[in-house]
Amino acid sequence: MPRLNVVVASTRPGRVGRRIGDWFTAAAVRHAGFDEVRLVDLAEIGLPFHDEPQHPSERDYLHEHTRAWSAEIDAADAFVLVMPEYNYGFSAPLKNAIDYLYHEWQHKPVGFVSYGMTSGGLRAVQMIKQVVTTLNMTPVNDQVVVFLRQALDESGELRPDPGREEAAALMLDRLARLAVALAPLRSEVAR
């Protein structure tokens, strides 16, 4: 079975993204469609603004942080981006993390757990799809949308929501099938 990386895209202090990422990671483990589920928190990774002198398509990485990031992304067969919407778009740390690499993203499915106030992050997801498809990633249409005003209780914790659980399971089903279906293309890229 494939490996899933759940990437928490917000890095700001006080963020809710890690709580949502923890919830989704637990849902992915319960789903059991993946051999391994890893939470990858961009705040913990701490990538500097893209600082590699060579183009990412060369895979000639100067810095250890890039080599470690490359290994983390290369080992995954599928991704879920847990992402906020900032000013109708996706976060700069997420774009930076994507731009560090090229081949490591190729022919892998990607799902989205978006969150925000008014749109639940839907506008940010529409924007990031243009980026990931350019890297030959395959976005799944089913996603999890978290409207923060309704989803958080008074202490800032996620309220239980059967609809959110169902959306996560559906997205995970699709990701798992696509990860297996795209595996032959990934092995061609590795050659």
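A single hydrophobic cluster is not seen to contain both Leu178 and Val7; linkage of ILVMFWY side chains at heavy-atom distances under 4.5 Å, directly or through other members, places them apart. Under a hydrophobic clustering in which Ile, Leu, Val, Met, Phe, Trp and Tyr are joined whenever their side-chain heavy atoms come within less than 4.5 Å, directly or via other members, Val125 and Leu4 fall into different clusters. Using a 4.5 Å cut-off between side-chain heavy atoms of Ile, Leu, Val, Met, Phe, Trp and Tyr, with links allowed through other members, Met117 and Ile20 fall into the same hydrophobic cluster. No chain of hydrophobic side-chain contacts below 4.5 Å, direct or via other Ile, Leu, Val, Met, Phe, Trp or Tyr residues, connects Phe112 to Val8. Residues Val140 and Trp105 do not share a hydrophobic cluster, defined by chaining ILVMFWY side chains whose heavy atoms lie under 4.5 Å apart.
Taking Ser10 as the reference, Tyr86 meet the side-chain hydrogen bond (donor to acceptor under 3.5 Å, both in side chains) condition, with sequence neighbours excluded. Considering only residues two or more places apart in sequence or on other chains, Val29 meets the side chain to side chain contact (heavy atoms under 4.5 Å, CB included) condition with Val37. Judged as a side chain to side chain contact (heavy atoms under 4.5 Å, CB included), and not counting sequence neighbours, the contacts of Met127 are Phe90. Under the side chain to side chain contact (heavy atoms under 4.5 Å, CB included) criterion, Glu64 pairs with Arg67, Ala68, sequence neighbours left out. Listed by chain and number, the residues in a side-chain hydrogen bond (donor to acceptor under 3.5 Å, both in side chains) with Tyr102 amount to none (sequence neighbours excluded). Taking the side chain to side chain contact (heavy atoms under 4.5 Å, CB included) definition, one finds that Gln126 meets it with Lys129, sequence neighbours left out. Residues satisfying the side-chain hydrogen bond (donor to acceptor under 3.5 Å, both in side chains) test with Arg15, not counting sequence neighbours, are Asp41.
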Tabulate below the donor-acceptor pairs under 3.5 Å that side-chain atoms of residues 166-177 make, not counting sequence neighbours, or state none.
residue: Asp173; atom: OD1; partner: His31; partner atom: NE2; Å: 2.6
residue: Arg174; atom: NE; partner: Asp142; partner atom: OD2; Å: 2.3

Pair up each side-chain donor or acceptor in residues 76-84 with any protein partner under 3.5 Å, not counting sequence neighbours, and list the distances.
residue: Asp77; atom: OD1; partner: Arg186; partner atom: NH2; Å: 3.4
residue: Asp77; atom: OD2; partner: Arg3; partner atom: N; Å: 2.8

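Using a 4.5 Å heavy-atom threshold, the side chains of Ser91 and Thr11 count as separate. The shortest side-chain heavy-atom distance between Tyr100 and Asp51 falls under the 4.5 Å cut-off. With contacts defined as side-chain heavy-atom distances shorter than 4.5 Å, the pair Ile128/Leu94 qualifies. Residues His103 and Ser70 form no side-chain contact, since every pair of their non-hydrogen atoms from C-beta on lies 4.5 Å or further apart. Residues Pro93 and Leu47 have side chains not in contact (no heavy-atom distance under 4.5 Å, counting atoms from C-beta outward).
Taking CG of Leu152 as the start and OH of Tyr115 as the end, the distance is 10.5 Å to the nearest 0.5 Å. Remark: Gln54 CD to Thr66 OG1 distance equals 12.0 Å, nearest 0.5 Å. Going from atom CE of Met137 over to atom CG of Leu182 covers 10.0 Å, rounded to the nearest 0.5 Å. The CG atom of Leu101 sits 6.5 Å away from atom CD1 of Ile73, with the distance rounded to the nearest 0.5 Å.
There is no side-chain donor-acceptor pair under 3.5 Å between Glu85 and Ser114.
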Q: Go through the steps to decide whether Arg38 and Val6 satisfy the test side-chain contact (heavy atoms from CB on, under 4.5 Å), and finish with yes or no.
A: CA-CA 6 Å; Arg38 292 179 53 104; Val6 177; over 6 Å; no
Q: Take Arg149 and Thr118 through the side-chain contact (heavy atoms from CB on, under 4.5 Å) test and state the conclusion after the steps.
A: CA-CA 8 Å; Arg149 285 190 182 96; Thr118 305; 4.2 Å; yes
**Q.** side-chain contact (heavy atoms from CB on, under 4.5 Å) evaluation trace for Trp69 with Glu104
**A.** CA-CA 10 Å; Trp69 182 236; Glu104 296 87 339; over 6 Å; no
Q: Test Arg59 against Asp74 for side-chain contact (heavy atoms from CB on, under 4.5 Å), laying out the working first.
A: CA-CA 11 Å; Arg59 281 188 134 170; Asp74 210 24; 3.2 Å; yes
Q.
Could you walk me through whether Glu157 and Arg159 satisfy the salt bridge (charged side-chain N to carboxylate O under 4.0 Å, His left out) test, starting with their C-alpha distance in whole Å, then the side-chain angles of each, then the deciding distance to 0.1 Å, before giving a yes or no?
A. CA-CA 6 Å; Glu157 295 302 317; Arg159 291 184 169 104; over 6 Å; no
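In the hydrophobic clustering, Val180 connects to no other residue, as no ILVMFWY side-chain heavy atoms lie under 4.5 Å from its own. In the hydrophobic clustering (ILVMFWY side chains linked at under 4.5 Å, chained through shared members), Phe147 is joined by Leu122, Val145.
Summarising the geometry of Leu42 relative to Ala97, their closest heavy-atom pair is CD2-CB, 3.8 Å, with the distance given to 0.1 Å.
Among residues at least two apart or in separate chains, salt bridge (charged side-chain N to carboxylate O under 4.0 Å, His left out) pairs with a member in residues 22-31 are Arg18-Asp22, Arg30-Glu165.
In terms of modelled atom types and a separation under 3.5 Å, the side chain of Asp153 and the main chain of Ser155 share a donor-acceptor contact.
In Asp35, the CG atom is crowded: over 12 heavy atoms of neighbouring residues, nucleotides or ligands sit closer than 6.0 Å.
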